[in-house]
Amino acid sequence: MASEGLKVIIAGAGIGGLVLALMLEKASIDYIVLERASEFKPLGSSISLTAQVLRVFDQLGILEEVQAVSLPMSSLTYFKQDLTLMASWDATIATDRYGYTSLMFPRPDLMQVLLRQVPPHKIAWGKRVLSTMQNTNGVMVRCASGETFDGDILVGADGAYSAVRQSMYKNLEMKGIHVPPTDTAPLHFDQYCILGVTSDISEEYPVLKENDTQLNVVIADKKPYNVYCIPLKGGRVGWAICGKLLQEQFHDQENFRFSDYGAEAIEEIRDKIDDIPVPIGGSIGQLMDKTEDISRIMLEDRYAGRTVLIGDACHKLIPAGGQGAIQTILDCVCLANLLKELPSTEPADITAVFKRYYDIRAPHAKKAVAASSQLSNLMSSKGLLADMMRGFILKSPRWIINKSFDSIYGGRPILNYLEQIDLKGTVKDSSKPATLIDKPSKPSMSAAAL
Ligand SMILES: Cc1cc2nc3c(=O)[nH]c(=O)nc-3n(C[C@H](O)[C@H](O)[C@H](O)COP(=O)(O)OP(=O)(O)OC[C@H]3O[C@@H](n4cnc5c(N)ncnc54)[C@H](O)[C@@H]3O)c2cc1C
């Protein structure tokens, strides 16, 4: 198997880069992670993971560590601005149906768990990828530090503004290969999020001492944004303000672009957002006041599905949709399975692996991008029609909700090359095999599935 002599360069030590590194580590495939940041910074808000990826975490032996920094999710609840209940979906059914309870945790805590799994010498900090070059012998990455790194394969896990993706486009154009106009069109941002995690505030808000959590969404009255409030382990609260029209509050697009998940001054943001009440008590302004680092992001309403890109580098999902990290980890499972099967490092074999990866993952990623964008639009649109649509969807009968959840959460792929673990839950695994050969999926033995 050529995977033994393979050298993979991973650009970006975010969730995707670190998960892929861990999977390659377990596959005994050589790799190096190049990360732009000079050190780990605990930025971001809450992230949830569902059975879709908790099964592979179970197989990788990191489930318990992730559970230790998480709270189990009991419900997804929507409120009007006066905090009257609009609808509540029971999230505990995930345990019976898909075999794993959905978990909610601060992004920095998951990052710390992942960083403990990857040998420190395999992550090169302070290496901002500037450009890439490839030929029949391999790929070379040039960093802002002036250093270069050589490998057989480059995986762009460098997030929403991927330098690897931009470099790929440039190289393709130079070769006269047409890049779809949607991929090269000027950035068009229409989703904005401001987010953070408070310090331990459980003394002021006793509800935070409970052992489970809820994803609470407050649909703001006539405001171009909604408020998310999620109790987290350790008496903290993950919060976010997201909306399609937040650009009315923040129109400095250039700054937004460069402040992707960067730390922001609280005062500037605080002044521009209404003090909407939150279901744990108090208001969003009070949560902001208890938060040390606030991040803000803007997102495009399009995706770019390129074969050696994973995560946000090829499909940018709105944080509020809850699928960003999940779809990224699913990319990693698929790519790691295929790389382990790579017959040789010849360009034709590498292309075959990347093509297969694209064929398997693109439909799922496109579906997730469309669904999270639609959900976000629906939730942040204002007016009577939007209210009626929301009411119709949120109050759908349980069997309809289950059916649509099964199509999202039913796929629970694991790694082919590690010891197989049983499929838990009453719903069968709907994933397709991630192997080089197109095998029919066997739901009862769902090892190689996506
Ligand atoms: C600081 C931060 C906070 C976040 N907070 C949240 C949140 O609260 N909720 C949520 O749903 N999602 C959040 N996300 C996004 C979430 O992590 C991703 O949507 C998802 O996990 C996909 O992961 P990814 O690995 O593709 O991208 P990311 O997790 O965004 O990781 C990309 C990594 O690539 C690095 N990078 C970027 N450019 C270069 C370059 N040129 N060279 C080398 N490295 C580079 C970045 O520094 C980062 O470490 C956050 C991302 C970041 C970076």
Side-chain angles (χ1 to χ4, degrees), residues 9-22 32-49 53 104-111 114-115 123-132 141-145 147 149 154-168 191 193-197 215 228 230 232 236-242 257-264 291 293-299 303-304 309-332 335 365 368-369 372 376:
I9 302 175
I10 302 172
I15 291 180
L18 293 179
V19 168
L20 185 66
L22 168 59
I32 177 91
V33 186
L34 308 176
E35 166 57 43
R36 157 181 81 175
S38 53
E39 59 184 351
F40 168 66
K41 293 193 185 81
L43 284 171
S45 182
S46 50
I47 284 193
S48 71
L49 292 182
V53 297
M104 190 67 87
F105 45 80
R107 180 184 184 274
D109 290 15
L110 175 68
M111 290 291 292
L114 295 173
L115 282 167
I123 306 177
W125 296 92
K127 307 284 180 251
R128 182 157 70 90
V129 172
L130 278 187
S131 63
T132 68
V141 172
R142 186 175 295 282
C143 293
S145 61
E147 293 155 280
F149 294 83
L154 169 65
V155 180
D158 52 343
Y161 302 100
S162 172
V164 173
R165 187 182 61 183
Q166 295 309 327
S167 195
M168 271 174 61
Q191 295 285 345
C193 269
I194 296 156
L195 38 88
V197 177
L215 198 168
Y228 295 72
I230 305 147
L232 298 171
R236 294 167 293 173
V237 180
W239 58 264
I241 304 161
C242 299
R257 186 193 154 121
F258 293 110
S259 66
D260 178 33
Y261 284 113
E264 294 295 331
T291 304
D293 289 314
I294 291 186
S295 311
R296 61 174 170 167
I297 55 161
M298 59 196 293
L299 291 159
Y303 54 83
L309 303 175
I310 63 171
D312 284 6
C314 56
H315 45 70
K316 297 162 208 173
L317 285 116
I318 290 142
Q323 282 283 312
I326 291 170
Q327 290 302 320
T328 302
I329 297 166
L330 293 174
D331 291 345
C332 295
L335 191 58
V369 170
S372 82
S376 173

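Source: prediction; values computed, not measured. We count ligands from 1, going down the list as the structure has it; atoms in each ligand are counted the same way.
When each atom of ligand 1 is checked for a heavy atom of I15 under 4.0 Å away, the hits are 17 (O), 21 (O), 25 (O), 29 (O). Which parts of ligand 1 touch G311 is read off a 4.0 Å heavy-atom cut-off, strictly below it: atoms 26 (O). In the vicinity of L43, heavy-atom distances shorter than 4.0 Å reach the ligand 1 atoms 1 (C), 3 (C). Ligand 1 places these atoms under 4.0 Å from at least one heavy atom of L34: 43 (C), 44 (N). Shown in contact with A325 at under 4.0 Å from a heavy atom are these atoms of ligand 1, numbered in order with element: 20 (C), 21 (O).
The shortest N/O to N/O separation between L195 and ligand 1 does not fall below 3.5 Å. Between I47 and ligand 1, a contact under 3.5 Å exists for no N or O pair. For ligand 1, one of its N or O atoms has an N or O atom of R107 under 3.5 Å away.
Considering every non-hydrogen atom in both V33 and G12, the closest pair reads CG1-O, 3.5 Å.
The shortest heavy-atom distance from K41 to ligand 1 is not under 4.0 Å.
The closest side-chain heavy-atom distance from L34 to C143 is below 4.5 Å. By the 4.5 Å heavy-atom criterion applied to side chains, Y161 and D312 are not counted as neighbours. Side-chain contact between V164 and L309 is present, with at least one heavy-atom pair separated by less than 4.5 Å.
Remark: side-chain polar atoms of S48 are not paired, donor with acceptor, to backbone N or O of M104 under 3.5 angstrom.
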